[in-house]
Amino acid sequence: MKKQIDTALKVCTGVLLAFSLLLTFTVSDYYIFNRIGEFNFIFVLSQWVKKCGLLLLPLAVYYKKKCCADIAKYFLPLFVILSACTFGSFFDITKITPDSTGKELCFASINEFIPKWLNITAFFITCGLYLAVCALLFIRDGYKVDAKSFKYLPVAFIAVMPLNIFENFFDINNFTPKHFLWFKNFTIWHLLAVAALAASTAGAWFFLKNKPKNLQNDYLAAIAITLLIQYHSKDSMLLGDGYNVYSYVFSAIPLFICNIGVYVASLSVILKKRALYSISFFIHAVGALTVFVYFGKDEMSNYGIIFSYSILYFCLTHCLLFILCVIPTALGHYKFKPKDCIIPLVYYFIVIILATVASGLVSSFLEGYTYGDYTLSFANGDFGLPNYAFTQVNPLPVDVPVIPLRIWKWDMNLLYVILVYIAYVCLFWAFNGAYYAFKAIYQRVSVRRTAHAALAETAAADDEKEE
């Protein structure tokens, strides 16, 4: 009977995660969190609690974490039922208004590809699955709980916090790039972002280094699940309020180096595969680091103020990504060797090709896309290039000679694509060299400390003998 219950738990949780992922591609999913005054507070809170469930239930089911099961089975059902009873106008949220322009109608026809009936169906299926999994946890674990389990509830709340919730306290339209709070390259806010990256990575290492390996793996898995939840918040934001300069669903395709890194790094700690570890460490650690150092031309982005969703999302997801890429190696779970670079180099070559082709195809699709009486045009500024168009958008103040490569309607610069690959490979090797240099220095310092400690102990012992 126990085996059947475990199987049912795993299947139901997997299906729940799949439907929850589908719902992130609806405008409404995250649209409500920066508009609490427009929607029922109880419903908004319930949706936040359900996001907690996406973190707690996988840990309770797949990792047998009793503390997560205790929280989930006693805390989730009430808010799931409340959300099912207080949804109000949630399913009617749309970007189409009587004043929508032809351009806005074009993008609404693309972005709102999930019809209302499917949104409603998926929503109530997830509600049923939440309740089913909680019921199965009662059957598996019984009714007794450890009161200490609930100390992790605030942690779960904070981990899955909808990052656009702070926008309830300010109107983003009231700020311009000249405002002190506006995020730009090489400002105090940029410095704080880099400091947050260093502090969070060091903090994670100090927190985990003395814990048993199985517990380290559990915490890394929790970080990976948190990263995936926060990463997919961008799906709904793209369709609703937009993310940075991106506002259409094709920008959610994970072909930017850090976007695909979210999956690779998360799977590397969940599946514990050496090939995934090597790709994460050699490729995606550098990707996360370089974009923190230089965010690209200010005129190419609309970063917003430091408390806006775009900045908070970027900083949090890239910090978590960098942690997942380097901490397993720092903890000794995996030792990177030069021969391990072969798979990552081939992998990144494939990613560059896919990103180039996808960028050309998406841009070509949008160019000339017609809905009603309006036709989109890049020349008129109707759309920007997708974020994985780093293969055709040069962020540096240096022009690159053009070797044209035609993909459907779009001309790419083949020379630039090749140079991007070479440049990143050089960065990969530079990071690897820095790692080995740091490792050698750290080992030398550790040896000296050990020697000094041994001498001190010997001297202390000699003093005791003399006395």
message = Determine whether Y246 and F256 satisfy the following criterion, ring pair (Phe, Tyr, Trp, His ring centres under 6.0 Å), listing intermediate values before the conclusion.
response = CA-CA 13 Å; Y246 310 112; F256 189 70; 8.6 Å; no
key: Trace of the salt bridge (Lys or Arg N to Asp or Glu O under 4.0 Å) decision for K10 with D6   = CA-CA 6 Å; K10 290 176 181 178; D6 284 341; over 6 Å; no
inquiry  = What I'd like to find out is whether the side chain of I343 reaches to under 4.5 Å of the side chain of I279, using heavy atoms alone.
reply    = yes
Please list every donor-acceptor pair under 3.5 Å in which a side-chain atom of residues 344-362 meets a protein atom from a residue at least two apart or in another chain.
residue	atom	partner	partner atom	Å
Y347	OH	H284	NE2	2.7
T356	OG1	I352	O	2.7
S359	OG	Q392	NE2	2.2

message = Less than 6.0 angstrom separating the ring centers of F322 and H318, yes or no?
response = no
request  = Output the distance between atom CG (L220) and atom CD1 (I225), rounded to the nearest 0.5 Å.
outcome  = 11.0 Å
ask   = Got F107 and K95 here, is their nearest side-chain heavy-atom distance under 4.5 Å?
value = no
inquiry  = Any non-hydrogen side-chain atom of K50 less than 4.5 Å from a side-chain atom of V80?
reply    = yes
query = How about Y277 and Y334: are their ring centres within less than 6.0 Å of each other?
reply = yes
key: Aromatic Y31 / basic R35 pairing, under 6.0 angstrom, 45° off normal   = yes
ask   = Taking side chain as C-beta onward, heavy atoms only, is F281 less than 4.5 Å from N432?
value = yes
key: pair L228-V262: side-chain heavy atoms closer than 4.5 Å   = yes
K65: partners by salt bridge (charged side-chain N to carboxylate O under 4.0 Å, His left out), with sequence neighbours left out = D218
ask   = If every non-hydrogen atom of F25 is compared with every non-hydrogen atom of I114, which pair is closest and at what distance?
value = O-CD1, 3.7 Å
inquiry  = Is it the case that the ring center of F90 lies less than 6.0 angstrom away from the ring center of F43?
reply    = yes
query = Once you round to the nearest 0.5 Å, how far does CE of M161 lie from OG of S233?
reply = 12.5 Å
message = I'd like to check P328 versus V269 (side-chain heavy atoms, cut-off strictly below 4.5 Å). Are they in contact?
response = yes
Could you list the donor-acceptor pairs under 3.5 angstrom formed by side chains in residues 176-183, with sequence neighbours left out?
residue	atom	partner	partner atom	Å
T176	OG1	K178	N	3.4
H179	ND1	L181	N	3.0

ask   = Considering all heavy atoms of both residues, which atom of V291 and which atom of C258 are nearest to each other, and what is their separation?
value = CG2-SG, 4.1 Å
request  = Measure from the ring center of F314 to the ring center of Y309 and say whether it is less than 6.0 Å.
outcome  = no
inquiry  = Could you report the tightest heavy-atom contact between S236 and Y30, atom names first, then the distance?
reply    = OG-N, 3.0 Å
ask   = Does the separation of the ring centres of F431 and F428 fall below 6.0 angstrom?
value = no
ask   = Do I257 and V286 have side chains that get closer than 4.5 Å, going by heavy atoms?
value = no
request  = Would you verify whether the NZ or CZ of K64 falls within 45 degrees of the ring axis of Y62 while also being under 6.0 Å from that six-membered ring's centre?
outcome  = no
Any side-chain heavy-atom pair of T26 and L239 under 4.5 Å = no
request  = For residues 139-163, pull every pair meeting side-chain hydrogen bond (donor to acceptor under 3.5 Å, both in side chains), keeping only residues two or more places apart or in separate chains.
outcome  = D70-S149
query = Does F79 have its ring centroid less than 6.0 Å away from the ring centroid of W48?
reply = no
F166-F307 aromatic ring centre distance below 6.0 Å = no
task = Could you pull out the closest heavy-atom pair between A72 and C134, with the gap in Å?
result = O-SG, 3.5 Å
Contact list for residues 153-170, test salt bridge (charged side-chain N to carboxylate O under 4.0 Å, His left out), sequence neighbours left out = none
inquiry  = Taking the basic N atoms (NZ, or NE/NH1/NH2) and the acidic carboxylate oxygens, is any pair closer than 4.0 Å for D340 and R274?
reply    = yes
task = Would you list the pairs meeting side-chain hydrogen bond (donor to acceptor under 3.5 Å, both in side chains) in which at least one residue belongs to residues 253-269, sequence neighbours left out?
result = H232-Y263, N259-N387
inquiry  = Restricting to non-hydrogen atoms, name the atom on T317 and the atom on Y313 that form the minimum distance, rounded to 0.1 Å.
reply    = OG1-O, 2.7 Å
